[in-house]
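Reminder, nothing fancy here: chain letters follow the sequence lines and each chain counts from 1. Just so it is clear, the model here is predicted, and its values are computed rather than measured.
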Amino acid sequence: MGNTGDTGSDEYLVLMKNIVKIYPDGTIALRGVDFTLRRGEIHGLLGENGAGKTTLMKILAGILKPTSGTIYVVGKKVVFSAAADALKLGIGMVHQNLSLIPSFTVYENIVLGLPRKQLLNARENINKLMSLTGLRVPLDERVEVLPFGVKQKVEILKMLFRNVDVLILDEPTTNLTLTETRELFNMINELKKMGKSVVFITHKLREVMEVADRITVLRKGRVVGEVPRAEANLNLLAQLMVGRNMISATSRETTTAGEELLIVRDLWVLSDLGTWAVRGVSLTVRSGEILGIAGVEGNGQKELVEGLTGLRRVEKGEVIFRGRRINNLPPSELYKLGIAHIPEDRTLMGLILDFTVSENSILSIQRSTSFRGFLNTLVWGRVAEHALSLITKFNITAPSLSSPVKYLSGGNQQRLVVAREISKEPQLIIAAQPTRGLDISATEHIRSLLLDFRKRGKAVLLVSSDLEEILQLSDRVAVMYEGRFVGIKNVSELTEDKLGLMLGGVSD
Amino acid sequence: MSYVLSTIINLLVSTSYAMTPLTLTAVGEITSERAGVVNIGLEGMISVSALVSVAVATQTLNPWLGLLAGVCAGALIGFIHGIISAYGKGAQIISGVGINIFALGFVPYMIIALWGVAGYKQVPEAGRIPRIAGLVSPIFIFCVLIAIATHYILFRTSLGLKIRALGEEPQAADTLGVHVERLQLIATVYGGALAGLAGAFMSLDWLGTITKEIAAGRGFISLALVVFSNWKPSLALLGGALFGSSWALTEWLKVLPGVKGVVPVTIINTLPYIVTLGTVAGVIGRARPPRKSGVPYLRE
Amino acid sequence: MVIVIAVLLVVAAVAIYTFLPTAPTTTPTTPTTPQLNKICIVYDIGGRGDLSFNDMAYLGGDRAARDFNLVLTELQSRSESDYLPNLRTLSRSGECVIIVGVGFLLTDAIAQVADEYPNQLFAIIDGYVDKPNVLSVLFKEHEGSAVVGALAAMIAGYYNKTTVGVVLGMEIPVLYKFEAGYYWGIRYGQEIFKEKTGREINVKILFTYTGAFNDPARGKTATEAMLGEGAIVVYNVAGATGLGIFEAVAEAGAREGRTMGPPFGIGVDADQDYIKPGFIIASMMKRVDVGVYTATKKALNYLIHKNETKFGGILELGIAEGGIAMSRVEDLETFLELGIQAGTIKPQDKETILNAVTSMRNSIPSWIWEEAYKLQETLKTNKSLEVMGIKFSDIEAMIPFTADTIANLRSSLGVG
Amino acid sequence: MRRKVLIEVLIKTGNVVAAMTVGLIIGGLIMQAYGYDALHAYYSLLRHAIGNPLTDPYPLTSTLSLATPLIFTGLAFAVSVRSGLFNIGVENAVYLGALGVVLASGFLKADTPLVLVIGSLMGLSLSILFALVAASLKVFRGVHEVITTIMLNWVAYWLVEYVRVNVFPDLRDPSKTIPVPPSARIPLLVAGTELSVSIIIAIIASLTTYFVLWYTVFGYELRATGINLIAAKYAGIKTSRFMIYSFLLSAVLGGLAGVCEVAGRPPHYSITTGISNLVGLGFDGIAVSLIGLNHPIAVIFASILIGALNSGVRGMQIEARVPFELVRLIQGVIVVSLAMPGVLSTFRKYLSIRRGRMEVVS
């Protein structure tokens, strides 16, 4: 597959040869991968979850050690013993699960690890860099209070501030709005003009087509194609990536909306900082419909969801579910009434990573009588049956029922969460970012599950920053901006462009 | 000098001595925990360093060499603990417990092996740390300075930023080129060195002797002080002063005639602990430990 | 693979375990006939280095072993739970001429094992077990304490000071005996002083329980408090905590530019005069070594030489029996000589220490010393001495003390 | 599936064995360096820790009896770790559990088994009371448990000393408290040894703890709280309540250690000067729990391991004439070595990587 000589030549800024990575638990992530990167090139690295994209780039960034294989940078063989070594050679990586320190300020996160002399006018330089790239972040805020999207900007800024030659971006657009994505792409092109190289890891075909000069496609630890953009098209890439023809996009059947299940009137919720995050939101969700809430992250969606699910105090307003006032009821009560919750962060909230598949399959329904025996004992036999039925019904791949869910892939973890929540037979599912960071097949699967749920006459309150998802799934769409709804519209009245305007707070 | 004044001065001096080993040890441990390594072997490190410092001071009749040796001994144990914790990714608590047990054997064994007596050794006058104005220990002054300096380093310098990053999210620091293990080791060695200084202070300065259980629980009090201070060296200084003064006051109260008739001695003895508990409950409240402190940093 | 390793490990362990006894490197561990040639000492958890009965017991055991050609086996205890198994294991071996339990903490354990092994001889230091095979070695600490108490009072009078103190360890009955004797002695010393000088003095007595035998820091701080209250003599009844007492006393003296007291400390158990030469006026010697030595001798007489028909009972050692005494310079010489033999004291230091102690002693009028030693002689035979309406024999009658009786005694002797 | 579990257990055991071997070797070298026969010493250690149970059960019973309180305190610490707390207060629970039995003996002044029942209840209530202080400070004021429990340990210590000196001293030997009356004592399992029925209570406690943690909703929620507070809240678990429960459970288990020690260990059956028959049991429990990977069943074996080391100490002193201090030093080295992560696990990782490599090649 490698089309260069065996020693690295100057043609490539980076040359990785025959990289094999086997994890200590025996998982084979990379089975002999070659990868090249030219100076001033934007290189798309495409593949489904678990294809090995991230592993390959972590090896390039010095975070992982390859089991075997060689890396050449500017023609010289290099061995990285730590990320620092790669960083010294100008290779920096922005992770998907951001590696920021929550209790530190943005400024501290950016300057962490820099030598003293670079600190002298660091603040000034960061400000310059921010205006150069358009990535604006509040420097003295603690990172833990920032919304996900802003955190990612910090992460990118952090790397750029280190003046890297090679910037690896791992699924960078996952949490960005259209405008932000556009900004990011502009910035990437700027970087290219400055002679820097960018590796752009993604599973989104359109994006890679839009921005990359050259595209390498990985599947199951092998390179299955390396295509210049001129020769690439969506179908070809999709076929390479998935290994078969693409599944057609899920289509939404029309259903008739029924009774008003959830009524929210003038809801006010505080943020962690004690400021109003939700400022007087009103909405209704009817059975048989999906109400989508779009919006740039950090506009109060998180607090809204937490307010509705009993995880955060509702300060003012009214929440009525099937005719009953449910303000500030504890989560366990809400579950009993028929509300299910797919939380936005599965690893932090939806699952307990060290618990087994079985154990996680009953998280939040652990008190259900169907698993309880004499004296509040848990009857593991019945739990296992339940877990097994989820696994088979929802097509989840897991090593075994008794292996911790941390060993499951992200897609399977999320499938497990969704499966569990649907299996509760609720009337309403509140789903926050249900497909974030998932590959195509997992995304399609979960979307079809939600649509199926709706078809059965149940309701979904969908919170997502993915406009495509909002438009594909919702019957009606509300756009949230600075804690308020900009407007609630039927999906038929909306286009992506129109939605984009509303995200910026512009109503028509 | 009036009785009241002299008593107050005496109490202040007693406090300055009682707080020094606690504060030094706590400041060291704060640094180490900020870097993600918990060391509950403080008790053992104090004792072993006290022993080593006496051994060297007795031999050389030079207190400063003895002091240095004590610091080195603490640093060495910190180094071993650091190797096990940072590089070996070992269980930090077990290692710390082991250090304490080791010291329980090592110190009395070496006292016998070195001096042929069991249990204690006086430091010759020439091996004692000289006092300032006959009252104040130079190490007390140093202790105050080091607490402030450590606070400054941890919260105002890039080195401190790196160290604190290790306790919060070592992976983030790692990708930014911070040498996680090396820095953790350095922080642990620093923690050990300060515990070593505390030990040397106890034997060469405060008490002028080494006994086999010289730490007498101070390592654990220091551990509590780390939490009390919310992992901030400046607060550890205050906490050390609070505990030290109530401890000294307790010993004074017990001596005063009349007091024992009212409250049994055993109950008076709880005073420093109740004062600390009350302060932490009433004033300090919520403390947030470094998130990844005590958790070995494993790369993928 | 893993299972194979595990199995191999187990097999290896078993093999080592089984074949070890036949390995030539090991000395015979299961002798066919146990040899009755050991003095076995079980220390309490204070262990060696308490500067008190454990160390003294070792001295006695060591001397007896050399004199009687026996092997000294020492067994230290990690925790209180070890006493019974330690004693049982030694008894089962059948090799010990005598098993000495050092410290009152071992009393119950010895009582039990003595029943289980009626042919094994035991001695208990500081405890009382009523069994034919147990010798209970008790000391009359109150006698010696009275002597040093009188000395303390007279020194206070001589220096025109009004306060003396005692710093104690944990609150246990043995220490009550020290207290009682000391207070009585102080009051008696006042009488002597008045008699000799015609000056009436009323000494204020301070006492404190530091609550620890192992923390010199507490001893030092408590003593500093006492010195702050005007104390001139502080009696150490606190094991290793007492090192802090001497430290505080010497420091206070040095601060005033003195190389010898006042203030003074009083040593305990061993002759501690050498610890801070010049600042320890005398020591109340409790010769646990004598107890151990005597017990061993009695055991040999009973067991081997058969010239004693009875072993058990109480061996009470007081001034008259040579088990209790206030130290003299000659005692110090003997102690130093022992120290030089053991290598703990450098020969050239001996003279320095002796000179310092002698000149300290000479700084006190000789009549005070004479009176103190006279009281020591008197107490050998005459227990009817009386002060403030309390006869010395009254104090003996109060043994064993409880917290209540000692509190009563304190108030009747005017102790704050 | 079964086989996998078995392999896990074997690997984990193997790791402990391997770490201990390293410790023993280092300790042996130290002994040789100081002129003692290390092989002989270790042989005596084994002889006095296990011996030959068929001909002479005494060494083994001694090991088991020393392990008994550690099972309780190890469990107590394990429970708190499982719920996400670093509870050093097990130590005071031990004191107070024992204190309850002594108080009952003193108040009732009767030789009846009732003393044990009432005493246990009083002791457990006392330790629960102290735990509640730490728990409520944690939950309502956010005070970290390490500081509260260390302080409370000392408060409890002096409180017990107060009872020993001023309230219920044994009038015949006031260096300790009044003894538990004979009929209220926990009977011996083997006459002439120290092994009492306590060990059965301990094993039952550990099986129960295992059952509660893994087979009840309560245990599920407790463990969920310990691993991931946010997820537990999401699951509708009242997390602060479970922190309190965990403190209480630790207090009960620690208290039981105290009860069983004071009512079940000859010869004292009372609390002695400076609580010297109980001091340190809580701290030893930390090591035991961690060596046993905080698993209630493994804690039993970890306790026996430490019990055997403590029992074998006497053999090393008597037969190999290794001084006690050196033995402790070596014990410390062994415990430090137990901190090292698994040698076998590393080996297994190496194996699975090699297996993977062969797969890639083919």
Side-chain angles (χ1 to χ4, degrees), chain A residues 18 20-32 67-68 221-222 306 309-312 329-336 341 343 345-355 359-360 362-368 371-380 383 399-404, chain D residues 1-6 8 11 81-84 208 210-242 245 293-294 341-342 344-362:
Chain A
N18 203 20
V20 173
K21 175 65 189 180
I22 301 156
Y23 284 106
D25 64 351
T27 315
I28 305 169
L30 297 172
R31 300 164 180 266
T67 310
S68 68
R222 287 184 213 281
E306 290 184 359
T309 51
L311 293 169
R312 189 179 285 269
L329 283 183
S332 50
E333 290 296 316
L334 299 178
Y335 299 152
K336 273 187 216 151
H341 176 198
D345 189 339
R346 58 177 174 270
T347 57
L348 201 65
M349 195 181 268
L351 295 169
I352 294 179
L353 293 181
D354 287 315
F355 269 19
E359 286 173 323
N360 272 298
I362 58 164
L363 191 70
S364 78
I365 42 172
Q366 69 274 7
R367 284 176 180 270
S368 152
F371 311 119
R372 264 193 315 186
F374 180 62
L375 281 177
N376 268 351
T377 50
L378 269 178
V379 184
W380 284 115
V383 174
S400 78
L401 288 182
S402 57
S403 48
Chain D
M1 205 64 257
R2 265 293 132 76
R3 190 166 161 270
K4 246 184 169 171
V5 173
L6 187 72
E8 277 304 309
I11 293 261
V81 171
R82 288 281 173 189
S83 65
T208 312
Y210 173 70
F211 182 81
V212 167
L213 283 183
W214 270 277
Y215 288 89
T216 66
V217 179
F218 175 86
Y220 180 93
E221 298 190 335
L222 187 99
R223 287 185 298 127
T225 309
I227 300 179
N228 185 338
L229 209 62
I230 297 170
K233 280 187 181 141
Y234 159 78
I237 298 166
K238 300 187 175 76
T239 50
S240 46
R241 201 177 281 184
F242 274 85
Y245 288 150
L293 302 170
N294 307 317
L344 276 193
S345 299
T346 318
F347 184 62
R348 191 163 72 140
K349 276 179 196 164
Y350 163 77
L351 278 185
S352 59
I353 288 177
R354 207 183 62 168
R355 205 179 300 135
R357 201 175 269 173
M358 277 154 69
E359 199 184 314
V360 171
V361 169
S362 64

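- Contacts with chain A were tallied for D/Val212, D/Val217, D/Ile227; D/Val217 has the most, counting heavy-atom pairs under 4.5 Å.
- Looking at D/Tyr220, its side chain does come within 3.5 Å of a backbone N or O of A/Leu363 through a donor-acceptor pair.
- Looking at A/Thr347, only its backbone comes within 4.5 Å of chain D, counting heavy atoms on both sides.
- There is no contact between A/Glu333 and chain D, counting heavy-atom distances below 4.5 Å.
- For A/Leu311, the part sitting under 4.5 Å from any heavy atom of chain D is the side chain, from C-beta outward, and nothing else.
- When all heavy atoms of A/Gly32 and A/Val20 are compared, the pair lying nearest together is N-CG2, 3.6 Å.
- By the side-chain contact (heavy atoms from CB on, under 4.5 Å) test, A/Leu348 pairs with A/Asp345, D/Ile230, sequence neighbours left out.
- Under the 3.5 Å distance criterion, the side-chain polar atoms of A/Thr67 are matched with a main-chain donor or acceptor of A/Ile22.
- Across A/Leu378, A/Val383, A/Val379, A/Thr377, the residue that shares the most heavy-atom pairs under 4.5 angstrom with chain D is A/Leu378.
- Of the listed residues (A/Gly310, A/Pro343, A/Ser68, A/Gly221), the one with the most heavy-atom contacts under 4.5 Å to chain D is A/Pro343.
- With a threshold of 4.5 angstrom between heavy atoms, A/Ile362 approaches chain D through its backbone and through its side chain.
- Both tests hold for A/Lys21 against A/Tyr23: distance to the six-membered ring centre under 6.0 Å, angle to the ring axis within 45°.
- Both the backbone and the side chain of A/Arg31 come within contact range of chain D, each with at least one heavy atom under 4.5 Å from a heavy atom of that chain.
- Of the two parts of D/Arg223, the backbone and the side chain both hold a non-hydrogen atom closer than 4.5 Å to a non-hydrogen atom of chain A.
- Ring geometry for D/Phe218 versus D/Tyr245: interplanar angle of 30 to 60°, hence tilted.
- A side-chain donor-acceptor contact under 3.5 Å links A/Asn360 to the backbone of A/Ile352.
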